[in-house]
Amino acid sequence: MNQASAIDIKQLGKVGVLFGGRSAEREVSLMSGSGVLAALLSRGVDAHGFDTGERSLAELAAERFDRVFIALHGRYGEDGSLQGALEQLGIPYTGSGVMACAIGMDKVYTKLIWLMHKLPTPNYAVLDDQSDLAKVVQQLGLPLIVKPPHEGSSIGITTVRAAEDFKAAYDVAAGLDDAVLAEEFVQGREFTVAILGHGAGARALPPIEIVAPQGNYDYQNKYFTDVTQYFCPPQLDEAILADMSRIAVEAYRALGCEGWGRVDVLMRESDSKLFLLEVNTSPGMTSHSLVPMAARAVGISYEDLCLEIVATARLKLAKAEG
């Protein structure tokens, strides 16, 4: 499965690693980008770091990169806006294109497309200042999850266990986003499935089970502590693992994702039913990140993973020229 050995390093040309940015996930992106840059340099790639939060698009164009590795997370890097700029500048880039990134960044539209494809996802409601929160509790039950639909890394997410706490949770999410997503709480086990490739060639890496303290897989426990446990592959029936990988790849393809990504999945405790939570079109590449962990499970080193991803960089709209 390791494809890095067939990559011609010289053919990659001058590579920019885009990191930092201006989103709430800037700190994580700086860590991801530093790791990717070091990995590519260790393999002899002519790689250069570029912080999109501190430097302009004009400076990016002036660098004359042959391709870029997007190691940005959240808004302005994972939401399609940067991808559109790169298409305009004619710079091939890693990961998904404008539309897939924009949809993947919006958890509501992601759900709508998955439901169109008859893929399982928790019940939900979209909230604004006029929403009747009591009716939402009747609809979704308690506990429920409240989140800003355009943020990542668990930023702004609250588990509401009592109706009187709903408004405060709404206010937290509304402070980060124009809309707020309330979601049915699925009691069970949490997994993630890393995916590499495009279209019919997309393939799942081994699923990872995430066991966080008190089930709280928040920003701190994702990136800055060592108390969260990861099991790759998980202790699960082979048929369930295969089904999990299948629906994750279907979810990735349904949004038009390519290059690489990660799909988060829940398995309900009561009946082992699987539910899709969200897709990450520019996953973390830090020392705690899950895509490198899944790659290691099939013998792909962090360095070779970075090489394989950067080799897939391309302009997604090139065929529309002329």
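FYI, the numbering just counts along the sequence from 1.
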May I ask you to decide if [Y]'s main-chain N or O and [X]'s side chain share a donor-acceptor pair within less than 3.5 Å?
X    : Y    : answer
S34  : M31  : no
S23  : H73  : yes
D128 : S131 : yes
T312 : I309 : yes

Atom [atom1] of [X] and atom [atom2] of [Y]: how far apart are they, to the nearest 0.5 Å?
X    : Y    : atom1 : atom2 : result
L144 : F166 : CG    : CZ    : 5.0 Å
F191 : D264 : CZ    : CG    : 12.0 Å
Q83  : I70  : CD    : CD1   : 4.0 Å
M105 : N280 : CE    : CG    : 9.0 Å
S282 : E25  : OG    : CD    : 9.0 Å
Y252 : E258 : OH    : CD    : 7.0 Å

Item to check | ring pair (Phe, Tyr, Trp, His ring centres under 6.0 Å): pairs with one or both residues in residues 17-44, sequence neighbours excluded | outcome: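 Applying ring pair (Phe, Tyr, Trp, His ring centres under 6.0 Å) to every pair that reaches into residues 17-44, excluding sequence neighbours, yields nothing.
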Checklist entry - If you look only at pairs with a residue in residues 99-126, which of them pass as a ring pair (Phe, Tyr, Trp, His ring centres under 6.0 Å), with sequence neighbours excluded? => result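 Listed by first then second residue: nothing to list.
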Checklist entry - Without hydrogens or angle criteria, can the side chains of S289 and T286 be said to hold a donor-acceptor pair below 3.5 Å? => result yes
Next on the checklist: Is it the case that atom CD in Q88 sees more than 12 heavy atoms from other parts of the structure closer than 6.0 Å?
Outcome noted: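 At most 12 heavy atoms, drawn from other residues, nucleotides or ligands, come within 6.0 Å of this atom.
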Sub-4.5 Å side-chain heavy-atom contact between [X] and [Y]:
X    : Y    : result
I157 : E183 : no
E250 : R246 : yes
T110 : E278 : no
K107 : K147 : yes
L82  : L18  : yes
Q187 : S270 : no
L86  : L60  : yes
V310 : R67  : yes

Checklist outcome for this item: Sequence neighbours excluded, the answer for side-chain contact (heavy atoms from CB on, under 4.5 Å) partners of D178 is none
